[in-house]
Amino acid sequence: MPNPPYAPPAAQPDTLRITPLGGLGEVGRNMTVYEINGKLLIVDCGVLFPEEHQPGVDLILPDISKIEDRLGDIVAVVLTHGHEDHIGAVPYLLKRRENIPLIGSKLTLALVEAKLKEHRIKPVTQVVAEDERLSRGPFDLEFVAVNHSIPDALAVMIRTAAGSVLATGDFKMDQLPLDGRITDLRAFARLGEEGVDLFMTDSTNAEVPGFTPLEKHIGPVLEQVIEKASGKVVVASFSSHVHRVQQVLDAAVQAGRRVVLLGRSMVRNMKIASDLGYLNVPEGVLVDLKKSGDIPDHRIVYMSTGSQGEPMAVLSRMMNQEHQVEIGEGDTVILASSLIPGNENSVFRIINGLMKLGANVVHKGNAKVHVSGHASAGELMYCYNIVRPKNVMPIHGEYRHLIANGKVAIETGVPQNRTIIGENGTVVDLADGVARAVGQLEIDFIYVDGKSVGRVTDDDLRDRRVLAEEGFISVVTVVEPTTAHIVSGPDIHTKGVAEEARVFDSITPKIADALETAMSEGVHDAKQLQQITRRTIGRWVGTKLRRKAMIVPVVVVV
């Protein structure tokens, strides 16, 4: 059960206050605020992608409103890596204060800057690398290399007058990574010897026993699948998964195929990765979509977005036959990514739709075409034993992931009362080597819907679901209240209601009778007459049609 909201006490001098505004109890919109002596440091600022019960929503942001009146106190935003769930909300924060300094690795900041360019924001940035150390206000920051499913990921050690926090960001412990950059356990050990008062660790894979498989094992499987494919090959993955794209490029070259990058974010991100040297593009392998029509199907690989079943992404449009790349018999589609919780139905719909078109669909369930970018329970246990933290707060994951991560910490000797299982809005104070939950803020979803940010409410989403599931009924009536006479109508119009129009013949005279009775009793206000219309037809629709349609009554008074 969620903790009921309760206000934290006033922040005390030389006490570090930690408040996650997103990323706990969900996979996405990661954002944590650190406060000491009146200054704020933010680590990550990401988005959450909407689920099916949030129709029309493009993105979901952390609850930035909680720091709306403290923007001037923010000394910096540290970005641990370049995935959307860690950087996607940066433009919406900087629209409130454009000169907040952004700190991150070279690739991370390059991806952020490209995103901000689309929002016409020129950020203040500082590139850092592992083993670097710098200070921002009361925060002393040291960066540690960690391995993840995107290059250049960093953990950060935050030293303050109240104590130190080691936040891992997303990480795993792949010992043979494609780029040779392993999680720096020597640095973790050194920081552990110094003393880590609070260890904030990635929880996404904490329920999985053992160790996350090696990334290098994916390449041979991709090579085999692409080599055997008789028609065109489509590989769908995240647009920032540089390692996966590298493996596809290498497999395509081996199979004598050319590669087309599909999706605006895929094209943009891979150009950035290539320009910065993180992606090795073999000479002549890439070809523009416009020029790919002359290449035979058995000589082409399309690298696309849409592995999570996003309705507007390339793969969904292919399934719906709304993309110029057509999928048919003999073609192969590879979903080279994991399932983000909540997206299962969308992904299975894509798989079924592609198979109906005749495609051979290869995914994590039937072939080893993806490994996670997150540490499993065995890796987390190693980290706890190496760091030996005084307190632990699992982050980044659904509630079940946080619980599993906390159990691993306790197994390694972290006291249960020093293992904080929080949620978004849990306020934790660190002082004298002890971390305590001292408050619970109520955290809202901030919806991005087109150009609207935060104006879409839960009531709006409920109305959209009603429209989608139950349909729409409008009743238009023109009345003359002084004579209690109906000039025209009631005229009933429906959308999304399967019943034929004549089914409403029995309710129309009842609406007219109710309106005439009300007008003869002195009800002349249009809004009151509309409510009478709504109640009359609403009861009938619920009883006779077994529906809860959206009813919009219109009464015109003449």
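Residues passing the salt bridge (Lys or Arg N to Asp or Glu O under 4.0 Å) test with D63 are K66, sequence neighbours excluded. For the side-chain contact (heavy atoms from CB on, under 4.5 Å) test, no residue two or more places apart in sequence or in another chain qualifies with P509. By the salt bridge (Lys or Arg N to Asp or Glu O under 4.0 Å) test, R17 pairs with D429, sequence neighbours left out. By the salt bridge (Lys or Arg N to Asp or Glu O under 4.0 Å) test, D297 is found to be paired with K232, residues two or more places apart in sequence or in another chain being considered.
With values rounded to the nearest 0.5 angstrom, F238 atom CZ is found 6.5 Å from H370 atom NE2. Going from atom CD of E516 over to atom CG of L529 covers 11.5 Å, rounded to the nearest 0.5 Å. Once rounded to the nearest 0.5 Å, the distance linking OH of Y92 with CD1 of I446 reads 12.5 Å. One distance of note links OG of S304 with CG of L261; it measures 10.0 Å at 0.5 Å rounding. Once rounded to the nearest 0.5 Å, the distance linking CD of E26 with CZ of F445 reads 5.5 Å. In this structure, CG on L111 lies 8.5 Å from NZ on K115, to the nearest 0.5 angstrom.
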Problem - salt bridge (Lys or Arg N to Asp or Glu O under 4.0 Å) between E118 and R268, worked out - result: CA-CA 12 Å; E118 296 178 359; R268 180 193 68 200; 2.9 Å; yes
Handout entry: side chain to side chain contact (heavy atoms under 4.5 Å, CB included) assessment of H363 paired with V361
Key = CA-CA 6 Å; H363 54 87; V361 182; 4.2 Å; yes
Exercise for the section: For the pair I74 and I67, evaluate side chain to side chain contact (heavy atoms under 4.5 Å, CB included) and give the outcome as yes or no after the intermediate values. Expected result: CA-CA 9 Å; I74 301 172; I67 54 171; 4.1 Å; yes
Exercise for the section: Take L315 and I350, measure what side chain to side chain contact (heavy atoms under 4.5 Å, CB included) needs, and give me the verdict at the end. Expected result: CA-CA 8 Å; L315 199 60; I350 288 284; 3.8 Å; yes
Practice task
Please test T108 against I87 for side chain to side chain contact (heavy atoms under 4.5 Å, CB included), starting from the C-alpha separation and ending with a verdict.
Solution key: CA-CA 8 Å; T108 301; I87 67 170; 4.2 Å; yes
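A donor-acceptor pair under 3.5 Å links the side-chain atoms of N320 to the main chain of S316, judged by distance alone. Using modelled atom types, one side-chain atom of S203 and one backbone atom of I395 make a donor-acceptor pair closer than 3.5 Å. Judged by distance alone, the side chain of T168 and the main-chain N or O of D170 form no donor-acceptor pair under 3.5 Å. Using modelled atom types, one side-chain atom of D525 and one backbone atom of Q528 make a donor-acceptor pair closer than 3.5 Å. Between the side chain of H119 and the backbone N or O of I121, no donor-acceptor pair lies under 3.5 Å. Side chain of N360 to main chain of V362: no donor-acceptor pair is present (N/O by atom type, distance under 3.5 Å, no hydrogens or angles). Side-chain atoms of S265 do not come within 3.5 Å of backbone N or O of S239 as any donor-acceptor pair. For T517 (side chain) and A514 (main-chain N/O), no donor-acceptor pair under 3.5 Å exists by modelled atom type.
Side-chain contact check for N405 and E207: no donor-acceptor pair (N or O, by modelled atom type) lies under 3.5 Å.
Applying the 6.0 Å contact sphere to CZ of R97 captures more than 12 heavy atoms from other residues, nucleotides or ligands. For E98, the CD atom counts as densely surrounded, since its 6.0 Å shell holds more than 12 non-hydrogen atoms of other residues, nucleotides or ligands.
Exactly one of V112, I103, L109 qualifies for a side chain to side chain contact (heavy atoms under 4.5 Å, CB included) with T125. That residue is L109. Only one option out of L262, V248, V333 pairs with Y302 in a side chain to side chain contact (heavy atoms under 4.5 Å, CB included); it is L262.
When side chains are defined from C-beta on, P8 counts as touching L441, because their heavy atoms get closer than 4.5 Å. M31 has its side chain out of reach of P20: every pair of non-hydrogen atoms, C-beta onward, lies at least 4.5 Å apart. Residues Q321 and E326 have side chains not in contact (no heavy-atom distance under 4.5 Å, counting atoms from C-beta outward). Between M270 and M303 the shortest side-chain heavy-atom distance does not fall below 4.5 Å. Looking only at side-chain heavy atoms (C-beta outward), I272 and L107 come within less than 4.5 Å of each other. Side-chain contact check for I150 versus H241: every heavy-atom pair is 4.5 Å or farther apart. In this structure, V347 and L335 have side chains that are in contact, with non-hydrogen atoms separated by less than 4.5 Å. Side-chain contact check for Q324 versus R317: every heavy-atom pair is 4.5 Å or farther apart.
When ring centroids are compared, H396 and H401 stay outside the 6.0 Å threshold.
Here the shortest heavy-atom pairing between G373 and H148 reads O-ND1, 2.6 Å. Considering all non-hydrogen atoms of both residues, P553 and R534 come closest at CD-NH2, 3.7 Å. Nearest approach of S149 to H83, heavy atoms of both residues: OG-CE1, 3.1 Å. In plain terms, the two heavy atoms of N424 and G23 that are nearest each other are OD1-N, 3.3 Å. The shortest heavy-atom contact between P490 and T508 is O-CG2, 3.4 Å. Summarising the geometry of L61 relative to A89, their closest heavy-atom pair is CD2-CB, 3.9 Å, with the distance given to 0.1 Å.
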Check residues 33-49 and write down every donor-acceptor pair under 3.5 Å in which the side-chain atom is one partner and the other belongs to a residue at least two apart or another chain.
{"unit_1": "E35", "atom_1": "OE2", "unit_2": "R70", "atom_2": "NH1", "d": "3.3"}
{"unit_1": "E35", "atom_1": "OE2", "unit_2": "R70", "atom_2": "NH2", "d": "3.2"}
{"unit_1": "N37", "atom_1": "OD1", "unit_2": "D14", "atom_2": "N", "d": "2.7"}
{"unit_1": "N37", "atom_1": "ND2", "unit_2": "D14", "atom_2": "OD1", "d": "3.0"}
{"unit_1": "D44", "atom_1": "OD1", "unit_2": "T80", "atom_2": "N", "d": "2.8"}
{"unit_1": "D44", "atom_1": "OD1", "unit_2": "T80", "atom_2": "OG1", "d": "3.1"}
{"unit_1": "D44", "atom_1": "OD2", "unit_2": "T80", "atom_2": "OG1", "d": "2.9"}
{"unit_1": "D44", "atom_1": "OD2", "unit_2": "H86", "atom_2": "ND1", "d": "2.8"}

Cut-off 3.5 Å, no hydrogens considered: what does the side-chain donor-acceptor table look like for residues 474-487, sequence neighbours left out?
{"unit_1": "T483", "atom_1": "OG1", "unit_2": "E480", "atom_2": "O", "d": "3.2"}

